[in-house]
Amino acid sequence: MRKLTRKQILARLFVGFFTLGSLLCTVNTAVAGGYTKYGEYTIKNGDTVTSGELTDKPEDSGVKPPDNCSNIVTVDINGSATGTYEKYIYSGYTDSDGDIKNNKLTITTKEGVTTELSNVYGGYVGGTGSATQNIVNIDSSTVKDKNYVYGGYVGGTGSATQNIVDIAGSTVNTVAGGWVNKSGSAAQNKVHITNSKVKSYVYGGYANGTGSATQNIVNIANSTVEKPVAGGWASSASSATENKVDITSSTVADVYCGCSQNGNAASNTVEIRDNSKTTNVYGGNVYNKGNAESNTVILKSGSEVTGIVYGGYTKNGNAASNTIEISDSTAVEVYGGYVATGTGSATQNIVDIASSTINGGVWGGYVKGTGSATENKVAIANSTVDGSVFGGYVYSGSATQNIVNIASSTAADVHGGCVEVSGNATQNIVDIAGSTVNSSVYGGRVDGTGSATLNEVHIASSTATTVYGGRLSNGNADSNKVKIAGSTVNSSVYGGRVDGTGSATLNKVDIIATVNIAVKGAVYGGYVSGTGSATQNIVDIASSTTNAVYGGYVGDTGSATQNIVNISSSTTGAVYGAKISNGNADSNEVKITNSSVAGTV
């Protein structure tokens, strides 16, 4: 057996037994399969490990360690000693610059032994270099609090790539497949945790400097993680992309599949299944400024999120093309795309919920500041939503071309597109079948000034309280459509409604002849509460029971002209082609066919 001539290395383990290669040793200092402090020094399988380290600087100090160390270190903790081992365990190590690659570290603790270990490294680079393809296996062991398990670690500039950490039947603290402290990427690392307890964080790849975190994987099964789990985490302006997190039959805290401080979080995928329980879930998360795009969250098979599910979240930027799929599970709130502050857009996000319970609300796209929520889709089937449902929501701006489909479900209220302060809600669609909406249904809604136009609401075999094709405080509620079949509306129906000043024109309400329909309030084609115009609206009612019917209505000064009402059913109230307090009510038309009207026509 070759013995190293210079006092070398390392190797710190507690007073117990471990196997390095095929040699059984007893040591009380650092353990390292491959170690270099100044230059090219490695321990290969079968070499004798002695205490201490290099005390003099070799002549070839400028030589980097070999690219492929290929050390294998096996630590079998099978003695009777107990307590805490304070030193670190490495498979491949350099204190200087260079690459550490292809090292493997396996730690196994015999049943009944209670020793706690300190930091564990598959590959360690203290300076500039890469930690690549290193492997750490930990079985039936304990790593003490505030200590880490790293597949590959780079303290300086460089990359940590393709490292693997596999933990089974153990209790550990923080775990990272790959970790980079300065500039460099953490990519293609893997962490597998089974039947274990993690008392702190889990990272597939962590880029603490200016590098990216991409294509990292975290798998957790039958385990508990007390703090957040991240597939890939980029602490700077770099991206966190194409990371994956899979959680099965486990309980974890927050899940961030891909997270960037000031970059993009894109194309990340998290799947939570088989009765797992988490707090909050982010497919893609941007803490400050950047885009969260094309991320996917899958929640299924009896799993529970006790907080919020975000497909894509950004504090300031765009949240686009994110997807959430929830089946046979429970969550509190759900956002396909979420923009927290500043200016941004939430576009083309998809939320699909089946056979599940949502204790709060559901949003396809959400913009808390100024921006747009467009082309988002929400589909809910055989589920219960205790809160509101929004295809697209924006505080100020535009909510356009959003779609909400609800089938055989219950919700509090439903909005195709909603603007909280001022802006436009246009071309949104709500389709409800076989469901109960406990409050109102809006195709498009603007709570301030703007326009609510070209929205559609379709309701079949359902129950709702009030139905609006388009509604706003001041502005235009034009060209909206409402179609109701075989349903009960406990209050009124409006094709377009303006609560203050504006116009309600070219709206259409169809209450069609499938089975008997009951509208317990009034039906309005176009409605303006204050000053304005309600013109060219159409109301068609067949095989239904309604209260009063108005083609056009203006509560103050203005015009109500060219409205049409067609009735082939019974009404218990008055029928007006148009009604106005002060102004023109010309060229309106009422047609009644084979029907009875209890009130004035």
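Since the model is a prediction, treat every value here as computed from it, not as a measurement.
- Of all heavy-atom pairs between G311 and I324, the closest is N-CD1, 3.3 Å.
- Distance alone, capped at 3.5 Å, places no donor-acceptor pair between the D478 side chain and the T453 backbone.
- Rounding to the nearest 0.5 angstrom, the gap separating the OH atom in Y468 from the OH atom in Y442 is 5.0 Å.
- In this structure, the side chain of N537 engages the main chain of A504 through a donor-acceptor pair within 3.5 Å.
- Distance alone, capped at 3.5 Å, is enough to place a donor-acceptor pair between the S581 side chain and the G555 backbone.
- Judged purely by atom type and a 3.5 angstrom limit, T296 has no side-chain atom pairing as donor or acceptor with the backbone of T269.
- Salt bridge status for E271 with K300: present, with a side-chain N to carboxylate O gap under 4.0 Å.
- Each of Y366, Y282, F390, Y313 was compared with Y335 under the ring-ring contact (aromatic ring centres under 6.0 Å, His included) criterion, and only Y366 meets it.
- N402 places a side-chain N or O within donor-acceptor distance of the main-chain N or O of N376, the cut-off being under 3.5 Å.
- Residue K508 places its NZ atom among more than 12 non-hydrogen atoms of other residues, nucleotides or ligands, all under 6.0 Å distant.
- The two residues G211 and A234 have their closest heavy-atom pair at O-CB, 3.8 Å.
- When all heavy atoms of C257 and G283 are compared, the closest pair comes out as CB-O, 3.2 Å.
- Between the NZ atom of K481 and the CG atom of N455 there is a distance of 11.5 Å, given to the nearest 0.5 Å.
- Under a 3.5 Å cut-off, the side chain of N584 and the backbone N or O of T561 do not form any donor-acceptor pair.
- To the nearest 0.5 Å, the span separating CD on Q536 from CD on Q562 amounts to 4.5 Å.
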| request: Would you sort out whether L299 and V281 count as a side chain to side chain contact (heavy atoms under 4.5 Å, CB included), showing the intermediate values? | output: CA-CA 10 Å; L299 180 68; V281 179; over 6 Å; no
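- N262 and K289 form no side-chain donor-acceptor contact under 3.5 Å, judged by distance and modelled atom types alone.
- Between D246 and R273, the closest side-chain pair of non-hydrogen atoms falls below 4.5 Å.
- With salt bridges taken as basic N to acidic carboxylate O contacts below 4.0 Å, none links K377 and D352.
- Formation of a donor-acceptor pair under 3.5 Å by the S479 side chain with backbone atoms of L454 is not found in this model.
- Residues N264 and S239 bring no donor and acceptor atom of their side chains to less than 3.5 Å of each other.
- Side-chain contact between I353 and V362: present, with at least one pair of heavy atoms (C-beta onward) separated by less than 4.5 Å.
- Taking all atoms of both residues into account, the shortest heavy-atom contact from A477 to G470 is CB-O, 4.0 Å.
- Tested against Y393, the residues E420, K368, H415 include a single side-chain hydrogen bond (donor to acceptor under 3.5 Å, both in side chains) partner, E420.
- Note that CD of E333 and OH of Y310 are 7.5 Å apart. Values are rounded to the nearest 0.5 Å.
- Panel note: side chain S435, backbone S408; a donor-acceptor pair is recorded below 3.5 Å.
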| query | Taking it one step at a time, do S345 and N318 satisfy side chain to side chain donor-acceptor pair (under 3.5 Å)? | reply | CA-CA 5 Å; S345 63; N318 300 324; 3.0 Å; yes
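- With contacts defined as side-chain heavy-atom distances shorter than 4.5 Å, the pair K520/T488 qualifies.
- Contact annotation: the side chain of S355 never approaches that of S327 to less than 4.5 Å [non-hydrogen atoms, C-beta and beyond].
- What you find for Y201 and P228 is that their closest heavy atoms are CE2-CD, 3.3 Å.
- D431 contributes atom CG, which lies 9.5 Å from atom CD1 of I406 (distance to the nearest 0.5 angstrom).
- A donor-acceptor contact under 3.5 angstrom links the side chains of D413 and S388, judged on distance only.
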| field | Verdict with supporting geometry, Y338 and W363, ring-ring contact (aromatic ring centres under 6.0 Å, His included) | value | CA-CA 9 Å; Y338 187 105; W363 290 260; 8.3 Å; no
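- Between T463 and N490, some side-chain heavy-atom pair lies under the 4.5 Å cut-off.
- One N or O on the side chain of S276 and one on the backbone of S250 form a donor-acceptor pair closer than 3.5 Å.
- Side-chain N or O atoms of N322 include one that pairs as donor or acceptor with a backbone N or O of A292 at under 3.5 Å.
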| Evaluation steps, side chain to side chain contact (heavy atoms under 4.5 Å, CB included), between E293 and S321 | CA-CA 6 Å; E293 299 175 331; S321 302; 5.5 Å; no
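- Looking only at side-chain heavy atoms (C-beta outward), T426 and S451 come within less than 4.5 Å of each other.
- The CG atom of D499 lies 7.5 Å from the CG atom of L472; values are rounded to the nearest 0.5 Å.
- What you find for S462 and G434 is that their closest heavy atoms are OG-N, 3.0 Å.
- Contact check for N359 versus T330: side-chain heavy atoms found under the 4.5 Å cut-off.
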